[in-house]
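Both ligands and their constituent atoms are indexed starting at 1 by order of listing. Excluded from the calculations below are hydrogen atoms, water molecules and symmetry mates; all remaining heavy atoms, backbone and side chain alike, are included. Computed from a predicted model, the values in this text were never measured in an experiment.
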Amino acid sequence: MHVVIAGGHGKIGRRLGRLLVGRGDVVTALIRNPDHREELLADGLSPLVLDLERATAAELTPHLAGADAVVFAAGAGPGSGAARKYTVDRDAAVLLADAAVAAGVRRYLMISTRGAGSPPPPGADEIWSAYVDAKTAADEHLIGTDLDWTVLRPASLTDAPGTGTVRLTAGRSVGDITRDDVAALLVALLDTPASAGLVLEAAEGPDPVAEAVGRAAAERTGAVRG
Ligand SMILES: NC(=O)c1ccc[n+]([C@@H]2O[C@H](COP(=O)([O-])OP(=O)(O)OC[C@H]3O[C@@H](n4cnc5c(N)ncnc54)[C@H](OP(=O)(O)O)[C@@H]3O)[C@@H](O)[C@H]2O)c1
C-alpha cells in the first residue's frame, strides 16, 4: 500500500509512518520543515516538503497520484492561536481532500478530535472554540465528498506507551488515548475498507484495536454517512 501522511513528522504521523514502513508499505510524509527530512528518511519514509498552508490543490495533486490512501495527521498544535486552527486544521484538511479527489485517491483517513461535530461547549475559550469549529468544518467537507473517508475522533492524546486496546463509539468518548493506539487504529482502518463512511470516537478501552475496527465496520450501527 502507498500511503501519504499529511503531517508526517507529527507525533502521530511518525508513529503511523513507522508502523506502515515496518510491514512493507510505501509512505510519503508531507512536511513543511526541511530539517525533518533526515529523520524521516532514516525511518524509511519518503519526505516531501510542502507547506499545506501555502500550497494549492493543483500543486498538491500530482504528489498524491498513485497513492492508495491519504491520512490527515497535521495540526496547528497546542501553542497556536485561533487563526491557524482555520488555516491548518480546517483548510489544510480540505486541501488534502480536494487534491485526493483530483488525484483519484479514494481513501482518506481524518484525524479529527473529540468534540468535533457539535458546537463548542458554553464558556469554552476562543482557541478551543476555533479548534472545534475548524475540525467540524473539515470533517463536514470530507463527509460531503464521495471519497471513501473515515473520520476518527480521538480523545485527549497522551505519549504513554500504547496498550493495544481501545473503545470505539459513535457518541462522545470517555478518558484519554495514547498516540501509539491512535496510530494502530489508523493502520487497522487502512486495512478495513468497510470502515469507510464511519465517524468514530476513540478512547482507551478493553477492545483489541483490530477487533474494535472490525466490529465497528461490521455493525455500522453508529455509522454516519453523509
Ligand atoms: N492533542 C490532543 O489531545 C488531540 C486530541 C485529538 C486530536 N488531535 C489531533 O490529532 C492530530 C495529530 O496530533 P499530533 O499530536 O500528532 O500533532 P503534532 O505532533 O502537533 O503534529 C502536527 C504536524 O502537523 C504539521 N503541520 C503544521 N502546519 C503545517 C503546514 N502548514 N504544512 C504541513 N504540515 C504542517 C506539523 O509540522 P511542524 O513540525 O513543521 O509544525 C506537525 O508535524 C492533530 O490534527 C490534532 O489536532 C489532538
Shortest non-hydrogen contact from [X] to [Y]?
{"X": "L185", "Y": "A202", "answer": "CD1-CB, 3.7 Å"}
{"X": "Y86", "Y": "D133", "answer": "OH-OD2, 2.6 Å"}
{"X": "A92", "Y": "F72", "answer": "C-CE1, 3.6 Å"}
{"X": "L41", "Y": "P47", "answer": "CD2-CD, 3.5 Å"}
{"X": "S112", "Y": "A116", "answer": "OG-CB, 3.4 Å"}
{"X": "A217", "Y": "T192", "answer": "CB-CG2, 3.8 Å"}

**Prompt:** Does D68 reach the main-chain N or O of H2 with its side chain, forming a donor-acceptor pair under 3.5 Å?
**Reply:** yes

**Asked** Is it true that a side-chain atom of E59 and a backbone atom of T56 form a donor plus acceptor pair closer than 3.5 Å?
**Response**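 Yes, E59 side chain to T56 backbone: donor-acceptor pair under 3.5 Å.
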
What is the distance from atom [atom1] of [X] to atom [atom2] of [Y], rounded to the nearest 0.5 Å?
{"X": "R167", "Y": "E204", "atom1": "CZ", "atom2": "CD", "value": "9.0 Å"}
{"X": "D180", "Y": "R18", "atom1": "CG", "atom2": "CZ", "value": "9.5 Å"}
{"X": "I177", "Y": "L157", "atom1": "CD1", "atom2": "CG", "value": "7.5 Å"}
{"X": "H9", "Y": "R32", "atom1": "NE2", "atom2": "CZ", "value": "12.0 Å"}
{"X": "Y131", "Y": "T136", "atom1": "OH", "atom2": "OG1", "value": "10.0 Å"}

Identity and distance of the protein heavy atom lying nearest [atom]:
{"atom": "atom 38 (P) of ligand 1", "result": "R32 NE, 3.6 Å"}
{"atom": "atom 42 (C) of ligand 1", "result": "G10 CA, 3.9 Å"}
{"atom": "atom 48 (C) of ligand 1", "result": "L157 CD1, 3.2 Å"}
{"atom": "atom 19 (O) of ligand 1", "result": "K11 N, 2.9 Å"}
{"atom": "atom 16 (O) of ligand 1", "result": "I12 N, 2.8 Å"}
{"atom": "atom 26 (N) of ligand 1", "result": "G75 O, 4.0 Å"}
{"atom": "atom 32 (N) of ligand 1", "result": "L52 N, 2.9 Å"}
{"atom": "atom 11 (C) of ligand 1", "result": "I111 CG2, 3.8 Å"}

Counting only nitrogen or oxygen atoms and a 3.5 angstrom limit, does [X] reach ligand 1?
{"X": "D51", "value": "yes"}
{"X": "P78", "value": "no"}
{"X": "T113", "value": "no"}
{"X": "N33", "value": "no"}
{"X": "G77", "value": "no"}

Using a 4.0 Å cutoff against the non-hydrogen atoms of [X], which atoms of ligand 1 qualify?
{"X": "R84", "result": "27 (C), 28 (N)"}
{"X": "P154", "result": "6 (C)"}
{"X": "Y131", "result": "7 (C), 8 (N), 9 (C), 46 (C), 47 (O), 48 (C)"}
{"X": "E53", "result": "28 (N), 30 (C), 31 (N)"}
{"X": "S156", "result": "3 (O)"}
{"X": "H9", "result": "43 (O)"}

**Prompt:** Taking atom CD of E39 as the centre, does the number of heavy atoms from other residues, nucleotides or ligands within less than 6.0 Å exceed 12?
**Reply:** yes

**Message:** My understanding is that we take every heavy atom of each candidate and find the minimum distance to atom 45 (O) of ligand 1. Doing that for G13, A6, A74, A138, which one comes out nearest?
**Reply:** A74

**Request:** Mind running side chain to side chain donor-acceptor pair (under 3.5 Å) on R153 and T169 for me, showing each step along the way?
**Result:** CA-CA 10 Å; R153 293 180 172 158; T169 52; over 6 Å; no

Mind checking whether [X] has a heavy atom under 4.0 Å from ligand 1?
{"X": "A155", "value": "yes"}
{"X": "D89", "value": "yes"}
{"X": "H36", "value": "yes"}
{"X": "R179", "value": "yes"}
{"X": "S112", "value": "yes"}
{"X": "R54", "value": "no"}

Relative to ligand 1, is [X] under 4.0 angstrom through side chain, backbone, both or neither, heavy atoms considered?
{"X": "A92", "value": "neither"}
{"X": "A76", "value": "neither"}
{"X": "F72", "value": "neither"}
{"X": "A73", "value": "backbone"}

**Asked** Are D146 and R106 close enough for a salt bridge, meaning some N to O gap below 4.0 Å?
**Response** yes

**Asked** Any chain of hydrophobic side-chain contacts (each under 4.5 Å) joining V199 to L96?
**Response**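 Looking at the clustering, L96 is in the same group as V199.
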
